[in-house]
A.B. asks: 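Sharing a structure below in structure tokens format, with a few things to ask.
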Amino acid sequence: MESDPRPIRRRLLRWFAQHQRTLPWRSDPTPYRVWVSEIMLQQTQVATVIPYFERFVRRFSDVAALAAADLQDVLAVWAGLGYYSRARNLHRAAGLIASAGRFPDTLEGLLALPGVGRYTAGAILSIAFDKPAPILDGNVARVLCRLSAIGGDPKSPAVRRRLWSLAETLVPPRRPSQFNQAMMELGALVCTPRSPLCGRCPLAALCEAKRQDRPEAYPAAGRKTRVLTERWAVALVRRGGCVLMTRRAEGARWGGLWEFPGTTVAATGNAEADLRRFLKDELSLSPSQFAQVGRVRHQLTHRNMTVEVFAAAAPKGRPSTASAWVAPANIEARPISKLTRKIAALL
DNA sequence: AACCCGGGGAG
DNA sequence: CTCCCAGGGTT
């Protein structure tokens with residue numbers, strides 16, 4: 001695409017002015033709100049994010065409030081949205097911004113924040129500060145691959161370099177905020193992965209994939225994701241009116257969230273035996289009266305989980321610091337995953 | 001370069 | 001089922 005970028009900018013901006021959605025973070029695009037929305041939108045669809053965003057900015061109204069908050073409270077508001085390192089990084093970055101005294105407004109300053117990569121830095125620069133920084137997300141990549149009929153794996157470094165270069169060429173010196181949002185909006189509403197609506201596309205006359213009459217041939221398909229099967233055994237250890245919960249280590253899956261203690265089980269293994277061994281070795285617990293009370297399935301992008309849930313009677317002994325006896329009514333006040341929520345429903 | 005990290009929407 | 005979503009970080 002060495003042609004004049006101006007017709008593309010003009011058509012796209014005109015289309016966006018007429019067709020953009022009303023989204024909560026667009027009403028008042030402060031750096032804080034744009035930042036929170038962009039982190040939430042990483043690998044997460046707009047419709048999923050909206051209620052989480054509303055709740056989050058109501059609870060933590062600015063950087064100072066977020067920096068002063070307890071991480072467990074931040075995770076509790078984030079619970080259910082997934083990719084929990086985003087919430088931990090958001091909290092940590094809020095502390096850095098609060099210490100610095102002002103929100104970073106340069107590429108280097110933004111990239112220094114944990115959880116902010118090249119895309120998010122460009123999005124904040126352009127949308128919140130209206131600086132002409134390029135962005136490249138899944139939507140933009142798809143639009144550009146079609147516009148210029150770029151083949152090859154769009155995730156490969158070579159294609160990524162070309163797409164970033166193209167994005168940089170296209171972003172206008174004026175109204176870069178509107179332009180970048182328009183590119184993403186076009187990818188979300190018109191230039192969709194399957195069955196793109198070329199009849200409604202403001203760039204159709206300029207699109208090479210459309211000219212070839214095969215828009216769906218771009219971008220080329222990437223590697224297929226293999227879904228692995230995982231088998232788990234989880235214990236609902238009860239004492240009095242409470243049940244034992246443990247907190248997962250950061251860095252792991254569901255890091256920082258609370259769960260019921262459990263372990264993976266080999267495909268041909270004995271779930272109850274493995275679970276007893278786990279409780280004894282890791283928590284120094286030897287509960288009695290084991291009984292399977294249910295089976296829960298949970299799907300992740302790369303995992304297909306089957307969880308066998310056991311009830312057990314409480315032994316004597318004290319939980320470690322990373323564990324707690326929790327009344328069922330108080331479980332959902334803690335940060336828990338969707339899987340833990342399903343298991344809690346068995347109580 | 002490959003892998004990990006959640007959950008859900010849509011075909 | 002499969003693909004993909006306003007990606008980033010680690011190894």
Side-chain angles (χ1 to χ4, degrees), chain A residues 20-21 23-26 29 33-53 75 78-90 92-93 110-128 133-143 153-158 160 164 167 177 179-189 191-196 216 219-228 230 248 250-257 259 297-305 335-342:
Chain A
Q20 66 171 297
R21 293 168 289 183
L23 299 175
W25 44 90
R26 284 183 177 157
R33 289 166 57 88
V34 171
W35 171 49
V36 171
S37 71
E38 290 300 339
I39 299 298
M40 286 189 169
L41 287 161
Q42 288 170 2
Q43 293 297 289
T44 311
Q45 294 183 346
V46 165
T48 302
V49 164
I50 289 174
Y52 283 89
F53 176 82
L75 284 171
W78 199 276
L81 193 57
Y83 285 145
Y84 299 93
S85 65
R86 294 184 295 177
R88 295 196 301 274
N89 286 335
L90 204 57
R92 190 150 60 94
L110 288 165
L111 288 174
L113 299 176
V116 176
R118 189 171 174 186
Y119 161 77
T120 304
I124 296 172
L125 273 182
S126 59
I127 298 173
I135 59 167
L136 182 65
D137 74 326
N139 288 310
V140 175
R142 186 171 55 254
V143 170
D153 183 352
K155 294 186 185 300
S156 70
R160 296 278 296 176
W164 271 110
S177 169
F179 179 83
N180 280 344
Q181 292 183 74
M183 288 287 287
M184 295 189 283
E185 198 82 332
L186 188 71
L189 300 181
C191 197
T192 50
R194 284 174 299 277
S195 306
E216 289 186 89
R223 291 177 60 256
K224 271 184 284 190
T225 62
R226 292 191 311 283
V227 179
L228 304 181
E230 281 183 12
R248 292 181 68 87
E250 293 186 7
R253 191 149 83 199
W254 297 309
L257 273 62
E259 65 178 4
R297 296 184 186 282
H298 191 66
Q299 307 242 120
L300 302 176
T301 299
H302 306 277
R303 295 289 185 276
N304 208 332
M305 302 176 65
I336 60 175
S337 67
K338 291 283 190 180
L339 171 58
T340 298
R341 189 176 299 271
K342 291 181 191 173

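If you're wondering where the values come from, they're calculated on a predicted model, not measured in any experiment. In what follows, chains are A, B, ... by sequence order, proteins preceding strands, each numbered from 1.
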A.B. asks: Using the side chain to side chain contact (heavy atoms under 4.5 Å, CB included) definition, which of the options A:Ile39, A:Thr120, A:Ile124 pairs with A:Val34?
C.D. replies: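 That would be A:Ile124.
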
A.B. asks: Given atom CH2 of A:Trp78 and atom C1' of B:dC5, what is their separation to the nearest angstrom?
C.D. replies: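 From A:Trp78 CH2 to B:dC5 C1': 13 Å.
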
A.B. asks: Ignoring backbone atoms, test whether A:His298 places a side-chain nitrogen or oxygen under 4.0 Å from the OP1 or OP2 oxygen of B:dG7.
C.D. replies: yes

A.B. asks: Can you measure A:Gln299 atom CD to B:dC5 atom P for me and round it to whole angstrom units?
C.D. replies: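 These atoms are roughly 16 Å apart.
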
A.B. asks: Describe, in one word, how the ring planes of A:His298 and A:Trp254 are oriented to each other, choosing from parallel (under 30°), tilted (30 to 60°) and perpendicular (over 60°).
C.D. replies: tilted

A.B. asks: Once each nucleotide of nucleotides 6-11 of chain C is scored for protein heavy atoms under 4.0 Å, what B/S/- sequence comes out, 5' to 3'?
C.D. replies: BBSS--

A.B. asks: Between P on B:dC3 and CZ on A:Arg303, what's the gap in Å once rounded to a whole number?
C.D. replies: 11 Å

A.B. asks: Applying side chain to side chain contact (heavy atoms under 4.5 Å, CB included) between A:Pro114 and each of A:Arg86, A:Arg88, A:Arg92, report the one that passes.
C.D. replies: A:Arg92

A.B. asks: B:dG7 base to A:Thr48 side chain: any donor-acceptor pair below 3.5 Å?
C.D. replies: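 No such pair is found, so the answer is no.
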
A.B. asks: What is the separation between atom CG on A:Leu257 and atom P on B:dC5, rounded to the nearest whole Å?
C.D. replies: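 About 14 Å, once rounded to whole Å.
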
A.B. asks: Using the P atom as the reference point in each nucleotide, state the distance between B:dG6 and C:dT11 in Å, no decimals.
C.D. replies: 16 Å

A.B. asks: Determine the contact category for A:Ser156: base if any of its heavy atoms lies under 4.0 Å from a base atom, sugar-phosphate if only primed atoms, P, OP1 or OP2 are that close, otherwise nothing.
C.D. replies: nothing

A.B. asks: Would you say A:Thr48's side chain and A:Thr44's backbone share a donor-acceptor pair under 3.5 angstrom?
C.D. replies: no

A.B. asks: Pick the P atom in C:dA6 and in B:dC3, then give their distance to the nearest Å.
C.D. replies: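 Per the computed distance, 25 Å lies between those P atoms.
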
A.B. asks: Taking atom P of B:dG7 as reference, at what distance in whole Å does atom CG of A:Leu75 sit?
C.D. replies: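 In whole Å, B:dG7 P lies 13 Å from A:Leu75 CG.
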
A.B. asks: Looking at every strand, decide which applies to A:Leu81 at a 4.0 Å heavy-atom threshold: base, sugar-phosphate, or nothing.
C.D. replies: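 Base: the residue A:Leu81, judged by heavy atoms under 4.0 Å, touches a nucleobase.
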
A.B. asks: Quote, to the nearest angstrom, the C1' distance that separates B:dG9 from C:dG8.
C.D. replies: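 Nearest-Å result for B:dG9 against C:dG8 at atom C1': 22 Å.
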
A.B. asks: Check ring-ring contact (aromatic ring centres under 6.0 Å, His included) between A:Tyr52 and all other residues, then give those that pass, not counting sequence neighbours.
C.D. replies: none

A.B. asks: The criterion is side-chain contact (heavy atoms from CB on, under 4.5 Å); which residues satisfy it with A:Ala167, sequence neighbours excluded?
C.D. replies: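 Listed in chain order: A:Pro134, A:Leu144.
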
A.B. asks: What's the CG-C1' distance between A:Asn304 and C:dC3, to the nearest Å?
C.D. replies: 16 Å

A.B. asks: By nearest heavy atom, map A:Gly80 and A:Arg194 onto DNA chain B; which one lands nearer the 5' end?
C.D. replies: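 The 5'-side residue here is A:Gly80.
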
A.B. asks: Mapping A:Ile336 and A:Pro157 to their closest nucleotides on DNA chain B, which lands nearer the 5' end?
C.D. replies: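 Going by which nucleotide is closer to the 5' end, it is A:Pro157.
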
A.B. asks: Does atom CZ (A:Arg21) have a neighbourhood of more than 12 heavy atoms from anything else shown, all under 6.0 Å?
C.D. replies: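 Check passes, neighbour count above 12.
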
A.B. asks: What is the separation between atom CE on A:Met305 and atom C1' on B:dG7, rounded to the nearest whole Å?
C.D. replies: 13 Å

A.B. asks: Rounded to whole Å, how long is the line connecting atom NZ of A:Lys338 with atom P of B:dG7?
C.D. replies: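 Between P of B:dG7 and NZ of A:Lys338: 8 Å.
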
